[in-house]
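One structure is given below, encoded as structure tokens.
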Amino acid sequence: MITDEGLNLLINLAKASDIERWRLAMFEGEKINNTENRAVLHTALRRPDTDIVKVDGKNVMDFIHSVLKKMEEFSDKVRNGDWKGYTGKEIKNIINIGIGGSDLGPKMVCNALQSYSRRDLNMYFVSNIDGTDIAEVLRVIDPETSLFIVASKTFTTQETIRNAQSAREWLIEKIGDEKAIANHFVAISTNEKAVSEFGINPENMFKFKNWVGGRYSLWSAIGLPIAISVGFENFRNLLNGAYEMDQHFLNAPLNKNMAVILAVIAIWNRNFMKYSNYAIIPYDHYLRDFPSYMQQVDMESNGKYVNRDGNKIVDYDTAPVLFGGTGTNSQHSFFQLIHQGTDIVPCDFIIAKETLNPIANKEHHNKLQDNFLAQQQALMMGRNLKESGGDINKVFEGNRPSNGVIIDKLTPFNLGQLIALYEHKIFVQGIIWRINSFDQSGVELGKILAQNISESRKIFADNHDVDASTMEMLNYFKRLCSEVFW
Ligand code: F6P
């Protein structure tokens, strides 16, 4: 249990890191993403249209609300059956093609809000360049009733573009007319030119701006699949929940501020206790994708060894390795390590007070809650040698840290609050670590090298500029797959 004194000292650390100034700078649209010279304004996406938020001297609220309007009209049309496929049939399958932030956020929210969804609209999320991903979806959908949403901030991401091309080729082949693209493809992007070059009419494009980071983009047009699945009003409630958390983060004193408290506890675990892992365990089947969504938001934001002044960090650690899974399933897989492993793994346990499925007279939910409590108790209290009947294998050292996060009920509004809470926690950690949480240079090298290999794969094996190890692997592939790939 954290003491008041301990918490106060940690809050002082947040204060000394100038968190109040940075927080305001983010909300007011200062270009705090200094390496990309961009504002960071996912919070503006949830603000009312009467607010004013300026980027480069221009109010962006009109733009935000005009996109929301377009999303509302379009999602209503699809849900009402007014948006028709090329042969006049209603849409029944929505296939989001995107990766990273253009996939994980909307997918996580669509699954989390399944209870509010139109059950007769099938939602699919295709992300992987592995052709199996799209092939398995194309195998089961009817082209005449399918709508592809190509979601990419840059519209240059190779996985998304390749998958979208394959979907396009498939649709034209099945329907037999290129004009069908207009009824079956829409795009979400910041890059209008690339969208129209791809062959999607800019009228069927939902825009957002580069001051929305990919991993923070589910509140923008990237949330279109959410609006289609659960309806615009529910999407609006999601935004409203996030807005309420924004207000709490902006206005609550630091020692009563949930995001700040979660962040400084995480700093304690990482920098003082030196724990290098961190697990998120939702006790809620609807939140099963929350850990993988959080992996991107947390590790892509704060997994960095260069500080915001461009210097290598040498004397402290930044983001831990984040993993997780649902309770109770995780209890039967990796919890052995959590309880008795040589590494200590701080955990966040998340649960809803009220279930959306009170079956068997709430017996399921009661047992879920019992487990939620029991795991935290076991981690905290442990079991000594005497209590374990003298068997060291049964000893639990205890004193292992965890947070319990309890929401009333999994509603769109509460989910919005939960996600925004974690966004702000990550922001506070980034400020204390003095890093820019809003770029992602660490993903670039692999992309460039894969592109190089793609472009020159026919001659690459003879290219002596390649390191010996990669060359050997390429030659191995060449020998193995000559007919298929080379
Ligand atoms: O590779 C990382 C990344 O740039 C993420 O930050 C982003 O969410 C993802 O790729 C997808 O990018 P885009 O939306 O531009 O296709």
Side-chain angles (χ1 to χ4, degrees), residues 32-42 45 67 95-110 125-130 133-134 148-168 185-198 200 205-226 289-304 306 319 322 419 422-423 426-427 430 435-454:
I32 61 169
N33 176 355
N34 60 331
T35 49
E36 296 178 329
N37 192 30
R38 287 177 183 168
V40 174
L41 275 178
H42 46 283
L45 300 167
V67 175
I95 306 97
N96 189 81
I97 300 179
I99 198 165
S102 302
D103 166 66
L104 292 164
K107 180 164 77 178
M108 182 274 287
V109 173
C110 283
F125 288 85
V126 170
S127 53
N128 202 330
I129 191 70
D130 180 350
D133 200 358
I134 184 114
F148 293 91
I149 301 177
V150 186
S152 175
K153 178 173 169 180
T154 54
F155 228 78
T156 57
T157 304
Q158 64 148 327
E159 291 91 337
T160 301
I161 300 307
R162 183 59 259 177
N163 277 323
Q165 279 162 346
S166 296
R168 189 176 186 277
F185 273 77
V186 298
I188 307 168
S189 189
T190 59
N191 186 348
E192 187 168 342
K193 186 164 169 274
V195 167
S196 59
E197 276 165 15
F198 180 87
I200 296 177
M205 172 181 174
F206 298 82
K207 295 182 192 170
F208 64 115
K209 300 280 186 186
N210 69 14
W211 35 257
V212 179
R215 54 195 174 272
Y216 298 91
S217 64
L218 71 87
W219 321 99
S220 72
I222 290 288
L224 185 65
I226 306 172
D289 292 326
F290 195 67
S292 50
Y293 160 76
M294 283 298 302
Q295 278 182 323
Q296 188 200 10
V297 187
D298 196 317
M299 295 203 275
E300 204 175 71
S301 296
N302 286 343
K304 289 167 188 170
V306 175
L322 192 165
I419 302 169
Y422 275 93
E423 285 180 345
I426 289 163
F427 171 76
I435 53 184
N436 172 9
S437 300
F438 300 103
D439 61 4
Q440 54 283 319
S441 318
V443 299
E444 293 311 323
L445 180 61
K447 285 186 193 173
I448 294 166
L449 295 181
Q451 190 63 29
N452 284 350
I453 292 174
S454 289

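Remember, it's 1-based here, ligands and their atoms both numbered in the order they're listed. Heavy atoms only: backbone and side chains are in, while hydrogens, waters and symmetry mates are out. Positions are given from 1 along the sequence.
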- T154 contact mode with ligand 1 (heavy-atom cut-off under 4.0 Å): both
- Message: Less than 4.5 Å apart, side chain to side chain, heavy atoms only: is that true for I435 and N302?
- Response: yes
- Tell me which protein heavy atom sits closest to atom 2 (C) of ligand 1, plus the residue, atom name and distance to 0.1 Å. E300 OE2, 3.4 Å
- Protein residue, atom and distance nearest to atom 4 (O) of ligand 1, heavy-atom basis: K447 NZ, 3.5 Å
- Message: Is there a polar contact, in the sense of an N or O pair closer than 3.5 Å, between G101 and ligand 1?
- Response: yes
- Item | Nitrogen or oxygen of T160 less than 3.5 angstrom from that of ligand 1 | no
Let me have the donor-acceptor pairs involving side chains of residues 148-156, under 3.5 Å, with sequence neighbours excluded, atom names and distances please.
from : atom 1 : to   : atom 2 : distance (Å)
S152 : OG     : F155 : N      : 2.8
K153 : NZ     : V212 : O      : 2.8
T154 : OG1    : T156 : N      : 3.3
T154 : OG1    : T156 : OG1    : 3.2
T154 : OG1    : T157 : OG1    : 3.3

- Task: For atom 12 (O) of ligand 1, find the nearest protein heavy atom and state the residue, atom name and distance (0.1 Å precision).
- Result: T157 OG1, 3.5 Å
- Message: Under 6.0 Å from the ring centre and within 45 degrees of the ring axis: does the NZ or CZ of R168 meet both conditions for the six-membered ring of F198?
- Response: yes
- Message: Would you compute the distance between atom CG of N128 and atom CD1 of I134 and round it to the nearest 0.5 angstrom?
- Response: 11.0 Å
- Contact check, Q296 vs ligand 1, heavy-atom distance below 4.0 Å: yes
- Closest approach of any protein heavy atom to atom 11 (C) of ligand 1, naming residue and atom: I99 O, 3.2 Å
- Task: Go through ligand 1 atom by atom and flag the ones less than 4.0 Å from a non-hydrogen atom of G100.
- Result: 8 (O)
- Item | Of S301, S437, S102, the residue whose pairing with R215 passes side-chain hydrogen bond (donor to acceptor under 3.5 Å, both in side chains) | S301
- Message: Contact between V40 and F427 at the side-chain level, heavy atoms closer than 4.5 Å - yes or no?
- Response: no
- Message: Are N33 and N436 packed together at the side-chain level, in the sense that at least one heavy-atom pair is separated by less than 4.5 angstrom?
- Response: yes
- Query: Considering only heavy atoms of V443, which atoms of ligand 1 have at least one such atom less than 4.0 Å away?
  - Reply: 1 (O), 2 (C)
